Amino acid sequence: MTTEMPRVVHVDDAPPNRKRGGDLRAMLTPTAVGATSGFMGVAIVEPGERIGEHYHPYSEEFVYVISGELEVDLDGKTQPLRPEQGLMIPIGMRHRFRNTGPGQARMVFHLGPLAPRPELGHVDTEEQSTAESGPPEPAGAAS
């Protein structure tokens, strides 16, 4: 049993990651808080932005929409995602998100279990444009 108090992480403490589009903030990660079963973060997607198609070969992804209007493509089939809706994306399912509304969209994501190594946790299936690219993500911090 641990005697150390768990760390509280604010969204502003997590570095922005624009590698796949949108602004992904991996907050509760193995590096940040010592997580061992998965990690959690927030996706901030401006109007017209998207998070490029990818899949996770080792992890299920759970998403919960806080605000905004999103569409998700799941293996090529599109469906809307609205505030107070959640979705579980199975291991290996290709997915991408688009903000289709007039305002910012925010979505919480959690992935688990962790991949054997961080670089194995995410497989991109489409290229991102230079405008959507950003600094590399921290180890174990993808959505």
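Along the sequence shown, residues are numbered consecutively beginning with 1. This structure is a prediction, so every number in the text was calculated from the model and none was measured.
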| Are the side chain of R106 and the backbone of V65 linked by a donor-acceptor contact shorter than 3.5 Å? | no
| message | If only side-chain N and O atoms count, and only distance matters, is there a donor-acceptor pair under 3.5 Å linking E53 with T125? | response | yes
| Side-chain heavy atoms under 4.5 angstrom apart, residues restricted to Ile, Leu, Val, Met, Phe, Trp, Tyr: same cluster for M93 and L81? | yes
| task | Would you indicate whether the side-chain heavy atoms of H122 and H56 approach each other to under 4.5 Å? | result | yes
| request: Measure across A26 and A14 and return the closest heavy-atom pair with its distance rounded to 0.1 Å. | output: O-CB, 3.5 Å
| Parallel, tilted or perpendicular: which fits the ring planes of H110 and F62, with parallel below 30° and perpendicular above 60°? | tilted
| said: Distance check, rounded to the nearest 0.5 Å: Q85 atom CD versus M107 atom CE? | reply: 12.5 Å
| query | Can you name the closest pair of heavy atoms from G121 and P57 and give their distance? | reply | O-CD, 3.7 Å
| query | Got a second to check how far Q79's CD is from E71's CD, nearest 0.5 Å? | reply | 10.0 Å
| query | Quick one: OG1 on T100 to CZ on R98, what's the gap to the nearest 0.5 Å? | reply | 8.0 Å
| note | Output for pair (E84 CD, S67 OG), nearest 0.5 Å, gives 11.0 Å
| Roughly how far, to the nearest 0.5 Å, is the OH atom of Y58 from the CG atom of L114? | 12.5 Å
| said: Under the side-chain contact (heavy atoms from CB on, under 4.5 Å) test against H95, which residue among D73, I51, I89 passes? | reply: I89
| Looking only at heavy atoms, what is the nearest atom pair of G22 and E49, with distance? | CA-OE1, 3.7 Å
| field | Closest contact, heavy atoms only, P47 versus G101 | value | CB-O, 3.6 Å
| query | Between the side chain of D23 and the main-chain N/O of P16, is any donor-acceptor distance below 3.5 Å? | reply | no
| field | Heavy-atom side-chain proximity of V63 to L70 below 4.5 angstrom | value | no
| request: Mind listing the closest non-hydrogen atom pair of G68 and P83 along with its distance? | output: O-CD, 3.1 Å
| message | With clusters defined by side-chain heavy atoms of hydrophobic residues (ILVMFWY) lying less than 4.5 Å apart, directly or transitively, does Y64 cluster with V72? | response | no
| query | When Ile, Leu, Val, Met, Phe, Trp and Tyr are grouped by side-chain heavy atoms lying under 4.5 Å apart, directly or through other members, which residues fall in the same group as Y55? | reply | V123
| field | Sidechain N-carboxylate O distance under 4.0 Å for K77, D75 | value | no
| Single-linkage hydrophobic cluster V11~L111, side-chain heavy atoms < 4.5 angstrom | no
| task | Flag the pair E126 and R94 as a salt bridge only when some basic side-chain nitrogen lies within less than 4.0 angstrom of an acidic carboxylate oxygen. | result | no
| field | Partners passing side chain to side chain donor-acceptor pair (under 3.5 Å) against D124 (at least two apart in sequence or in another chain) | value | R20
| said: For a 4.5 angstrom cut-off between non-hydrogen side-chain atoms, does F39 reach P30? | reply: yes
| said: Can you tell me which residue among E61, M40, M27 is in a side-chain contact (heavy atoms from CB on, under 4.5 Å) with F109? | reply: E61
| request: Apply the test side chain to side chain contact (heavy atoms under 4.5 Å, CB included) to residues V9 and R7: give CA-CA distance (whole Å), side-chain angles for both, the deciding distance (0.1 Å), then the verdict. | output: CA-CA 6 Å; V9 178; R7 179 175 172 225; 4.0 Å; yes
